Amino acid sequence: MSNSTWFSSSSIKLRFFTRVRRFLQNKTCKSHESGEKAKAEELVMERGKDIEEASVLLQRSVKKLHFGDWEEKEIAAKEISRLAAEDLRTRKSLAALGVIPTLVSMLDSDVAGHRMSAVRALIELSDGTQTNKSAIVDAGIFARLSQLFRNREESDTEDVVSLLLSLSSLPSSQISFPTADILPFLVGILDSGDTEETKLSCLDILYNLSTVLDHTSALVSSGIVQTLIRFSSDKNTTERALAILGNLVVSMAGKEAMETHPSVPNNIIEILTWHDKPKCQELAAYILMILAHGSSVQREKMTRLGIVPVLLEVALLASALAQKRALKILQWFKDERQMKIGAHSGPQTRRVPVLTGSPVNQKEIQEGRRAIKMMVKQSLDKNMESIMRRGNVSQDPSKLKGLIVSSSSKSLPY
């Protein structure tokens with residue numbers, strides 16, 4: 001066989017095997033695509049079957065809720081609660097089918113199981129949708145709260161609180177909360193032995209209510225300020241309690257309630273020292289600002305309790321917001337001392353009479369005491385100026401280092 005013939009035969013075989021390989025690859029790809037397509041179709045069919053079954057179940061539950069007896073209504077409410085927990089679209093669909101008014105009407109039942117199954121369904125339906133929350137309010141939920149509070153079992157408290165928390169997040173323009181019914185219920189829980197989680201939810205409800213100025217008077221009258229001050233000393237609840245007090249203290253009633261409490265401002269000053277709780281420090285500084293502003297009595301009380309060294313520490317070490325608030329309060333103390341000094345602008349040169357053996361009159365003694373007192377005040381004022389400079393440069397490490405090196409340790413009041 002010649003070389004040309006052998007080469008031609010080899011080329012034909014190579015082309016043949018190449019075509020066979022391509023054919024097999026194409027067949028494999030088509031088989032794979034066919035398998036994927038079949039699997040996708042199977043998933044779609046299964047999904048469609050699940051949707052169809054869910055739709056049938058939803059319609060059946062809604063029908064039982066509207067037209068069934070009490071036992072059927074309870075079962076339907078439980079099923080609606082389970083379906084509503086799945087996704088937002090289902091919650092909106094259930095509301096469109098009119099289940100909310102029927103569930104709210106179930107709260108009139110004398111059977112605890114009927115009421116609580118409705119409450120749990122309403123909690124799920126209100127999750128993440130303001131429209132459903134408004135529908136629950138419009139259906140008359142607030143008119144039934146007194147009965148719900150009065151007839152609930154202890155184990156049901158958490159669910160009732162969860163529903164109130166969900167509804168309390170509605171804008172004040174959409175609802176008028178019946179604080180006369182709700183506040184005694186919440187205060188009772190906070191003063192009881194309920195779980196910490198339930199108490200935290202109650203504090204969240206109170207915070208939502210305290211953001212509305214119209215609720216301030218009712219909140220203060222309920223005695224909630226005393227309860228909140230107690231909770232502010234517990235690090236697990238401090239931030240929530242201070243946030244509510246911060247909303248209340250801007251009102252005249254809230255400020256007066258805090259000013260007359262025996263633990264204020266001592267416990268608030270103590271919170272300023274919690275450097276591991278920066279948010280609590282910021283809230284505490286805010287409350288102290290409001291209390292100190294325009295009240296020389298409160299400023300004097302704070303001074304006696306040693307607030308100045310605490311404010312200094314906050315102004316140097318705390319967060320930027322806490323520093324700003326601490327410096328503001330320190331400035332007020334400085335300005336107040338300058339006002340008391342009045343026209344005296346420098347060290348006084350009057351000689352203090354030296355008590356030797358010779359008698360001196362009472363007037364000279366009193367003048368000497370006043371002169372010494374004035375010198376002490378001026379020294380304190382000089383210290384305060386140094387303190388303010390330290391606070392103002394606390395965010396610039398280079399300046400702060402230079403200031404500390406150049407300042408005498410005798411200028412620090414602590």
Side-chain angles (χ1 to χ4, degrees), residues 187 190-191 196 199-200 202-204 206-207 210 219-220 222-251 253-337 380 383-384 387-388 390-391 394 412-414:
V187 173
L190 292 174
D191 292 336
E196 184 176 348
K199 290 183 178 182
L200 290 176
C202 286
L203 290 173
D204 289 338
L206 289 169
Y207 175 79
S210 70
L219 284 164
V220 175
S222 70
I224 197 63
V225 170
Q226 289 76 10
T227 303
L228 291 171
I229 290 173
R230 189 178 79 247
F231 272 87
S232 68
S233 299
D234 183 349
K235 287 193 175 184
N236 294 325
T237 55
T238 301
E239 186 174 331
R240 284 177 168 86
L242 290 180
I244 303 167
L245 289 171
N247 287 336
L248 296 179
V249 75
V250 297
S251 69
K255 186 176 181 182
E256 288 178 357
M258 292 193 66
E259 287 176 341
T260 56
H261 194 281
S263 298
V264 177
N266 191 32
N267 68 324
I268 310 296
I269 296 173
E270 173 66 24
I271 294 169
L272 278 180
T273 65
W274 295 358
H275 294 291
D276 59 330
K277 297 282 187 179
K279 185 64 177 178
C280 293
Q281 283 185 310
E282 292 171 2
L283 291 168
Y286 174 75
I287 292 171
L288 289 170
M289 278 182 62
I290 303 299
L291 292 175
H293 181 66
S295 175
S296 58
V297 174
Q298 289 300 311
R299 290 195 295 272
E300 185 178 352
K301 190 185 295 186
M302 293 176 190
T303 303
R304 290 199 307 268
L305 291 170
I307 193 174
V308 172
V310 177
L311 289 172
L312 285 171
E313 193 172 350
V314 172
L316 293 172
L317 302 176
S319 67
L321 181 57
Q323 286 181 7
K324 182 178 179 181
R325 290 170 175 173
L327 288 170
K328 185 68 176 177
I329 302 172
L330 285 169
Q331 184 65 49
W332 290 342
F333 283 117
K334 175 187 173 184
D335 293 343
E336 189 170 42
R337 276 196 295 272
L380 287 173
N383 289 343
M384 181 62 73
I387 289 163
M388 296 297 291
R390 289 173 181 270
S394 62
L412 293 175
Y414 60 93

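For this chain, numbers begin at 1 and follow the sequence in order. Since this is a predicted model, take the numbers as computed values, not measurements.
Using a 4.5 Å cut-off on side-chain heavy atoms (C-beta onward), Val249 and Leu245 make no contact. Under the 4.5 Å side-chain criterion, counting only non-hydrogen atoms from C-beta, Lys199 is not in contact with Leu203. At a threshold of 4.5 Å between non-hydrogen side-chain atoms, the residues Leu219 and Asn247 do not count as touching. Ile287 places none of its side-chain heavy atoms less than 4.5 Å from the side chain of Ile271. Using a 4.5 Å heavy-atom cutoff, the side chains of Leu288 and Leu272 are in contact. Side-chain contact between Ile268 and Ile229 is absent, with no heavy atoms from C-beta onward closer than 4.5 Å.
With sequence neighbours left out, the salt bridge (charged side-chain N to carboxylate O under 4.0 Å, His left out) criterion links Lys324 to no other residue. Evaluation of the side-chain hydrogen bond (donor to acceptor under 3.5 Å, both in side chains) rule for Ser251 yields no partner, not counting sequence neighbours. Considering only residues two or more places apart in sequence or on other chains, His293 meets the ring pair (Phe, Tyr, Trp, His ring centres under 6.0 Å) condition with Trp332. With sequence neighbours excluded, the residues that form a salt bridge (charged side-chain N to carboxylate O under 4.0 Å, His left out) with Asp191 are Arg230.
Taking every heavy atom of both residues into account, Leu291 and Met302 meet most closely at CB-CE, 3.9 Å. Here the closest non-hydrogen pair linking Val220 and Ala257 is CG1-CB, 3.9 Å. Residues Ala315 and Ala326 come closest through the heavy atom pair N-CB, 4.1 Å. Heavy atoms only, all atoms of each residue included: Thr238 and Cys280 are closest at CG2-SG, 3.7 Å. Minimum interatomic distance between Ala292 and Arg299 (heavy atoms only, all atoms of both residues): O-NH1, 2.7 Å.
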Intermediate values then yes/no, side-chain contact (heavy atoms from CB on, under 4.5 Å), Met258 and Ile290: CA-CA 11 Å; Met258 292 193 66; Ile290 303 299; over 6 Å; no
Criterion side-chain contact (heavy atoms from CB on, under 4.5 Å) on Ile224 and Leu248, from CA distance to verdict: CA-CA 10 Å; Ile224 197 63; Leu248 296 179; 4.2 Å; yes
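Rounded to the nearest 0.5 Å, atoms CD (Glu300) and CZ (Phe333) are 10.5 Å apart. Rounding to the nearest 0.5 Å gives a distance of 5.0 Å between CD1 of Ile329 and CG of Leu311. Note that CG of Leu316 and CD of Gln323 are 7.5 Å apart. Values are rounded to the nearest 0.5 Å.
Each ring pair (Phe, Tyr, Trp, His ring centres under 6.0 Å) pair with one or both residues in residues 223-247, not counting sequence neighbours, would appear here, but there are none. The salt bridge (Lys or Arg N to Asp or Glu O under 4.0 Å) analysis of residues 237-250, with sequence neighbours excluded, yields the pairs Asp204-Arg240. Sorted by first and then second residue, the pairs that involve residues 258-274 and meet side-chain hydrogen bond (donor to acceptor under 3.5 Å, both in side chains), not counting sequence neighbours, are Ser232-Asn267. Residues in residues 277-287 take part in these side-chain hydrogen bond (donor to acceptor under 3.5 Å, both in side chains) pairs, two or more places apart or across chains: His275-Gln281, Glu282-Ser319. Screening residues 297-324 for ring pair (Phe, Tyr, Trp, His ring centres under 6.0 Å), with sequence neighbours left out, gives no hits.
A distance-only check finds no donor-acceptor pair linking the side chain of Lys301 to the backbone of Pro265 [under 3.5 Å].
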